[in-house]
Trainee: 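Dumping the structure here so I can ask a few things about it.
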Amino acid sequence: MLQPGLLSVDLSWSEGLGLGIVLAAGFIGRGVEPRLRDALRRRLEARRRVLSLKRREEAAAETSTLEVYVDESGVEKVLVNLARDPIRGPRVYASSLRVSDFRCFDEISVSLRHPGDTSDLTHQNVNLILGDNGSGKSTLLKAIAIAALGPILDSSGFVPFHLIRSGCKGSLIRGTFLVDEPRSAPEELVGEVEVVRYGDYEELRAGHDRGAWRALSDDSDPGFLVVGYGVNRRVAEDEAEHAFLERSRRRRRYQRVASLFDEGAVLTPLDPWLPTLDYRRRGEVEELLAALLPEEARLKSGKAGEAVFEWRGQELPYLALSDGYRSFIGWVGDLLVQIDAASQGRLPLNEVGGIVLVDEVDLLLHPSWQREVVPNIARTFPELQFVFTTHSPIVAGTLESDNILIARTNEEGSSRLDRIDASIHGLNAEQILLSSYFELESTRAPGVQSELGKLAEQAMAGDDEAALTYLRALSGKSTHLDS
């Protein structure tokens, strides 16, 4: 009989393999106690797990020479940094995007921040797009979604509409994505979609490797989670509308981004989903919403049926909340539904990885909420990559310059995306509006600014009264320039 001391010996791989052969042959089963036999099996399995992890590290090191970004430093390490052990679920992030002749863009190339990149940013998982109306903020979100979901869009209910830049024959969208899952080392995948014109119609031609992107064709596969919310996002408000959503021609993967493209698309409401959750999952949802909402609003704990919120001591159903709360809870609630479906109950909701695209993240939110909304979202979902758009200087001031891209339009009507090496983090709203990020000459009403200019000219000509009025206006002591 084998001695118990054998269990403390550190088996080499060859010894472990030999032991495995012996176990497979059934030799040990005839002469060793079941307890000792089981212990040896566990020892062998533990050794195999250690060697598997070593092979993953070596594979990751081999891929570390891949250049993901064309204009960022430290790119050689990005895939190694992405891999974290243990990986409990699949993750996908957009690392770069190149677009030609797509709506307002003639030619752009941009890199994107994501969890696990090489930066020392406080919020590595956030990208914020600023810009004037029509400069391409929403278009960028659409391009990312198309590059990620290209192979399944044409059979999912998606209808291309004026995607090709005016005067051009076609568009090209090329996205580079980082994919990480427990079964393999991180890898870089390229999704390329060509948009071609046929008379009044447009058609997508996806150049994705069908084998590498096979998870897209399986709605139940947890991989390649991509979710998007357009500015007209709206939650299904009654059972009939929700039933229509459920039987819609849109497949689940396109339905997750449909509001970016279709103003009639609706989001999944919380009411029919919450009753399906077990006690543990319901507790997760309550905690996550509590982390995201102002302290005065909470999802009612343990309330069965419809989603009821406690707001300043009152109990209100979702539809009775203010527009700002409904707008925010609407897309966040839908995001939780989509994350839950993707995780299949195997992961906590805040540990699921993927891409989330949100147009006008500050929509209908009070300035006090705008100061916290993006940092709170980034901290609450650290494994998700977010691409937000906004017009809010308050939102912009909560991030570092490397989190921010600025969409600008030139005289020919073509847009570009820039990063500015100038910090606005912590500045007040007026300072940010007057900075190179927004480029306003003044935050005053146009008529007031014109009057101030006239007063300045009069003061320089020696008019003491005009000089005094001008100084009072600048100091905020007078609101009437004619006083």
Side-chain angles (χ1 to χ4, degrees), residues 84 86-91 115-116 122-126 222 225 227 229 233 235 256 267-322 324-358 361-366 368-386 388 395 398:
R84 294 188 292 278
I87 299 173
R88 300 179 61 188
R91 299 174 296 194
T122 301
H123 304 300
Q124 292 182 332
N125 58 335
V126 173
L225 176 64
V227 193
Y229 302 98
R233 47 189 177 266
V235 175
R256 288 173 175 159
L267 309 182
T268 304
L270 286 174
D271 284 346
W273 176 64
L274 288 176
T276 69
L277 305 180
D278 59 27
Y279 179 79
R280 177 187 60 82
R281 198 60 132 187
R282 170 75 186 220
E284 276 188 69
V285 172
E286 291 174 6
E287 290 180 7
L288 292 173
L289 286 176
L292 294 170
L293 293 171
E295 292 184 2
E296 61 193 15
R298 290 289 182 271
L299 177 64
K300 182 70 175 177
S301 179
K303 189 78 173 180
E306 65 179 354
V308 176
F309 291 82
E310 292 182 353
W311 180 79
R312 296 182 179 178
Q314 303 179 61
E315 289 191 11
L316 299 173
Y318 168 79
L319 291 176
L321 295 171
S322 69
Y325 278 103
R326 291 208 313 273
S327 173
F328 183 76
I329 294 172
W331 78 261
V332 169
D334 181 89
L335 176 60
L336 292 172
V337 173
Q338 305 307 332
I339 293 175
D340 181 59
S343 71
Q344 300 177 348
R346 294 197 296 263
L347 285 175
L349 295 173
N350 62 351
E351 292 186 11
V352 175
I355 303 168
V356 181
L357 314 166
V358 185
V361 65
D362 57 303
L363 186 67
L364 302 178
L365 300 187
H366 186 273
S368 63
W369 197 345
Q370 293 179 28
R371 294 173 56 202
E372 303 174 351
V373 60
V374 168
N376 281 350
I377 292 171
R379 286 190 296 264
T380 303
F381 299 106
E383 300 297 326
L384 291 175
Q385 176 191 31
F386 292 96
F388 299 120
V395 171
T398 64

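Heads up: numbering here begins at 1 and tracks the sequence.
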Trainee: To the nearest 0.5 Å, how far apart are CD in Glu287 and CG in Asn350?
Mentor: 9.0 Å
Trainee: Would you give the length of the straight line joining atom CG of Leu292 to atom CD of Glu372, rounded to the nearest 0.5 angstrom?
Mentor: 11.0 Å
Trainee: Heavy atoms, side chains only, cut-off 4.5 Å: are Glu284 and Leu336 in contact?
Mentor: no
Trainee: Locate the shortest heavy-atom distance separating Val395 from Thr398; write the atom from each residue and the value.
Mentor: O-OG1, 2.6 Å
Trainee: Is the shortest side-chain heavy-atom distance between Ser343 and Arg281 below 4.5 Å?
Mentor: yes
Trainee: Could you tell me whether the side chain of Arg91 reaches within less than 4.5 Å of the side chain of Pro115, counting heavy atoms only?
Mentor: no
Trainee: As a quick check of understanding, evaluate side chain to side chain contact (heavy atoms under 4.5 Å, CB included) for Arg233 and Leu363, giving each step before the final call.
Mentor: CA-CA 10 Å; Arg233 47 189 177 266; Leu363 186 67; 3.7 Å; yes
Trainee: Nearest 0.5 angstrom please: Leu299 CG to Leu288 CG, how far?
Mentor: 11.0 Å
Trainee: Backbone N or O of Leu365 within a donor-acceptor pair of the Gln370 side chain at under 3.5 Å?
Mentor: yes
Trainee: Who passes side chain to side chain contact (heavy atoms under 4.5 Å, CB included) against Ala320, sequence neighbours left out?
Mentor: Leu316, Pro317
Trainee: Would you give the length of the straight line joining atom CD of Glu315 to atom CZ of Arg298, rounded to the nearest 0.5 angstrom?
Mentor: 15.0 Å
Trainee: Among Trp369, Tyr318, Phe309, whose ring pair (Phe, Tyr, Trp, His ring centres under 6.0 Å) with Phe328 holds?
Mentor: Trp369
Trainee: Going by heavy atoms in the side chains, are Leu270 and Ile329 under 4.5 Å from each other?
Mentor: yes
Trainee: For Trp273, enumerate each residue passing the ring pair (Phe, Tyr, Trp, His ring centres under 6.0 Å) test, keeping only those at least two apart in sequence or located in another chain.
Mentor: none
Trainee: Roughly how far, to the nearest 0.5 Å, is the CD atom of Glu383 from the CG atom of Leu347?
Mentor: 9.5 Å
Trainee: Do you know the tightest heavy-atom contact between Gly345 and Arg280?
Mentor: O-NH2, 3.9 Å
Trainee: Restricting to non-hydrogen atoms, name the atom on Ala378 and the atom on Asn125 that form the minimum distance, rounded to 0.1 Å.
Mentor: O-ND2, 3.3 Å
Trainee: With side chains defined as the heavy atoms from C-beta onward, is the minimum distance between Leu349 and Asp340 less than 4.5 Å?
Mentor: yes
Trainee: I'd like to check the side chain to side chain donor-acceptor pair (under 3.5 Å) partners of Arg326; sequence neighbours left out, ordered by chain and number.
Mentor: Asp323
Trainee: In Å, rounded to the nearest 0.5 Å, how long is the span from CG of Leu267 to OH of Tyr229?
Mentor: 6.5 Å
Trainee: For His123 and Arg379: C-alpha separation, side-chain torsions, deciding distance, then whether side chain to side chain contact (heavy atoms under 4.5 Å, CB included) applies.
Mentor: CA-CA 8 Å; His123 304 300; Arg379 286 190 296 264; 4.1 Å; yes
Trainee: Which atom names give the shortest non-hydrogen contact between Gly116 and Gln124, and what distance separates them?
Mentor: N-OE1, 3.4 Å
Trainee: Do the side chain of Gln338 and the main chain of Arg256 share a donor and acceptor less than 3.5 angstrom apart?
Mentor: no
Trainee: Let me know which of Ile377, Val227, Val356 forms a side-chain contact (heavy atoms from CB on, under 4.5 Å) with Leu384.
Mentor: Val356
